Amino acid sequence: MLNPLEKIEIDVLEVFEEEVVQKFEIKDLESLNWSFRKLSALKSKEKEIKTLANVERDRIAQWEQGELSTISSSLEFFENLISEYHAKQLEEDPKAKTLSTPYGKSKSRATKESPDKADESQILKFVEDNGLTEFIKHSLKWSDLKKSLKIVEVNGVKVAVDENGQQIPGVVVKPGGISYSVEV
């Protein structure tokens, strides 16, 4: 907050005509002191404005967060309702991959089970130990290796194996499923 003397300095400066300010020149200690008083008052005013702006930004950010949190939970609620409805429709008609209305679409997409990296260092060691250098650049060429793997069941657990049937350490099998997306 500006003190009363700084307020007077700002008021004087505002009254000071622009062309006089353009021609003003510091010629002595008194005019230097006058300039420092104006500079000090302007710095205080600048700080006051920035402080007020930051307080308002924080208040607006809190308001925005509060408003969006209710909208976010409502969005999630309706997207879940739509996905549940779509899942029921898909059970009745497996070809109902897209449900469309004038206001939006619900799309389903099936994903296959696939190998997934759990520990890249273990996979890299396996690839190096077994001479599978075509899957190595400076790091593991995961996408290429992943394409060569097969998923098999061993003792009731699905695992990824290479073309020789060896289980690859560090790889887990991610289950397949159906994903839903909502577009508006």
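Computed from a predicted structure; not experimentally measured.
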Could you walk me through whether Asp28 and Ser31 pass the side-chain hydrogen bond (donor to acceptor under 3.5 Å, both in side chains) test, one step at a time? CA-CA 5 Å; Asp28 54 21; Ser31 59; 2.9 Å; yes
Share the residues that join [X] in a hydrophobic cluster, the rule being Ile, Leu, Val, Met, Phe, Trp or Tyr side chains under 4.5 Å apart at the heavy-atom level.
{"X": "Phe126", "value": "Ile123, Leu124, Val127, Leu132, Phe135, Ile136, Leu140, Trp142, Leu145, Leu149, Ile168, Val171"}
{"X": "Val173", "value": "Ile151"}
{"X": "Val154", "value": "Val152, Val157, Val159, Val161"}
{"X": "Phe78", "value": "Phe77, Leu81"}

Provide the full list of salt bridge (Lys or Arg N to Asp or Glu O under 4.0 Å) pairs with a residue in residues 58-72, sequence neighbours left out, each pair given once.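 Sorted pair list: Glu56-Arg59.
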List the residues meeting side-chain contact (heavy atoms from CB on, under 4.5 Å) with Asp129, not counting sequence neighbours, and say none if there are none.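 Listed in chain order: Lys125.
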Just jot down the side-chain contact (heavy atoms from CB on, under 4.5 Å) partners of Glu46, sequence neighbours excluded, or say none.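 Glu46 satisfies side-chain contact (heavy atoms from CB on, under 4.5 Å) with Lys43, Lys50 only.
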Run the side-chain contact (heavy atoms from CB on, under 4.5 Å) check on Leu29 and Asn33 step by step: do they pass? CA-CA 6 Å; Leu29 201 53; Asn33 189 50; 5.9 Å; no
Using a 4.5 Å cut-off on heavy atoms from C-beta on, say whether the side chain of Lys45 contacts that of Ile49.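 Yes, their side chains come closer than 4.5 Å.
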Which residue pairs pass the ring-ring contact (aromatic ring centres under 6.0 Å, His included) test with at least one member in residues 38-66, sequence neighbours excluded?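 Output for this query is empty, none listed.
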With sequence neighbours left out, what residues match Asn155 under side chain to side chain donor-acceptor pair (under 3.5 Å)?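 Applying side chain to side chain donor-acceptor pair (under 3.5 Å) to Asn155 gives none.
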Any sub-3.5 Å donor-acceptor pair from Asp162's side-chain atoms to Asn164's backbone N or O?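 Present.
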Within 6.0 angstrom of Lys174 NZ, more than 12 heavy atoms from elsewhere: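 Check fails, neighbour count at 12 or below.
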Can you give the donor-acceptor pairs under 3.5 Å from side chains of residues 87-98 to other protein atoms, not counting sequence neighbours?
residue : atom : partner : partner atom : Å
Gln89   : NE2  : Tyr85   : OH           : 3.4
Asp93   : OD1  : Lys95   : N            : 3.1

Under the side-chain hydrogen bond (donor to acceptor under 3.5 Å, both in side chains) definition, can you give me all pairs with a residue in residues 104-114, not counting sequence neighbours?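 Listed once each, the pairs are His86-Ser106, Lys107-Glu183, Glu113-Lys158.
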Applying side-chain hydrogen bond (donor to acceptor under 3.5 Å, both in side chains) as the test, list every pair that has at least one member in residues 71-80; sequence neighbours left out.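 Found none.
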First locate atom CG of Leu32, then atom CZ of Arg37, and finally report the distance between them rounded to the nearest 0.5 Å.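 Answer rounded to 0.5 Å: 11.0 Å.
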